[in-house]
Amino acid sequence: SFAAGLGHGSDMVMFGSVVIACHLLLLVIIGRLFKLSGPDHAIGSSACIVGPATAAAIATAHGWDDLITPGILAGIFGYLYQALFPLKGA
């Protein structure tokens, strides 16, 4: 029921916050390790989370034409990895 689902809302917010915090931490660590710029971070993060179409749209909207192809490729390789190595037991 709706009332039962409402009681689990705080758990979902906490889970989402932990996932976003982990993503941000990994983004900063890997970005510093490979000396990536802000646009590289934005496109890479978008490609990993949302997919290649959104990464290309963000790159185009900001005028980062040199990041359109890498964003699309990163998203496609993410889809490929997910198809070849799916998570089990979820």
Side-chain angles (χ1 to χ4, degrees):
S1 75
F2 181 74
L6 195 57
H8 295 289
S10 61
D11 295 338
M12 294 302 291
V13 169
M14 188 61 159
F15 176 74
S17 299
V18 168
V19 169
I20 291 171
C22 289
H23 178 76
L24 181 61
L25 180 67
L26 286 173
L27 197 65
V28 169
I29 291 171
I30 292 172
R32 294 236 172 123
L33 182 67
F34 291 108
K35 297 180 175 83
L36 299 175
S37 66
D40 291 334
H41 276 141
I43 298 304
S45 177
S46 175
C48 290
I49 293 175
V50 186
T54 305
I58 291 172
T60 302
H62 288 285
W64 302 327
D65 295 334
D66 57 332
L67 294 177
I68 295 172
T69 303
I72 291 172
L73 288 174
I76 290 172
F77 285 135
Y79 287 161
L80 178 66
Y81 181 83
Q82 181 181 0
L84 294 176
F85 305 106
L87 292 176
K88 306 261 191 238

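Computed from heavy atoms alone, side chains included, the values below leave out hydrogens, waters and symmetry copies.
Checking side-chain atoms of Thr54 against main-chain N and O of Val50 turns up no donor-acceptor pair under 3.5 Å. Under the 3.5 Å distance criterion, the side-chain polar atoms of Ser17 are matched with a main-chain donor or acceptor of Val13.
Interatomic distance, Cys22 SG to Leu27 CG, rounded to the nearest 0.5 Å: 12.5 Å. Distance OG/Ser45 to CD1/Ile30: 11.0 Å, rounded to 0.5 Å. Rounded to the nearest 0.5 Å, atoms OG (Ser37) and CD1 (Ile43) are 9.5 Å apart. Separating the CG atom in Leu84 from the CZ atom in Phe77 is a distance of 11.5 Å, to the nearest 0.5 Å. From Ile68, atom CD1 reaches atom CD1 of Ile72 across 7.0 Å, with rounding to the nearest 0.5 Å.
Annotation: ring-ring contact (aromatic ring centres under 6.0 Å, His included) contacts involving residues 43-71, sequence neighbours excluded, comprise His62-Trp64. Identified under the ring-ring contact (aromatic ring centres under 6.0 Å, His included) test for residues 29-53, with sequence neighbours left out: none.
Hydrophobic clustering, with ILVMFWY side chains joined whenever heavy atoms are under 4.5 angstrom apart, keeps Tyr79 apart from Phe85. Linking Ile, Leu, Val, Met, Phe, Trp and Tyr residues whenever their side-chain heavy atoms come within less than 4.5 Å places Leu73 and Tyr81 in a single cluster.
Listed by chain and residue number, nothing satisfies the side chain to side chain donor-acceptor pair (under 3.5 Å) test with Thr69 (two or more places apart in sequence, or in another chain).
Across all non-hydrogen atoms, the minimal contact from Gly75 to Pro52 is CA-CD, 3.9 Å. Shown here for Ala47 and Gly71, the closest heavy-atom pair between the two residues is CB-O, 3.5 Å.
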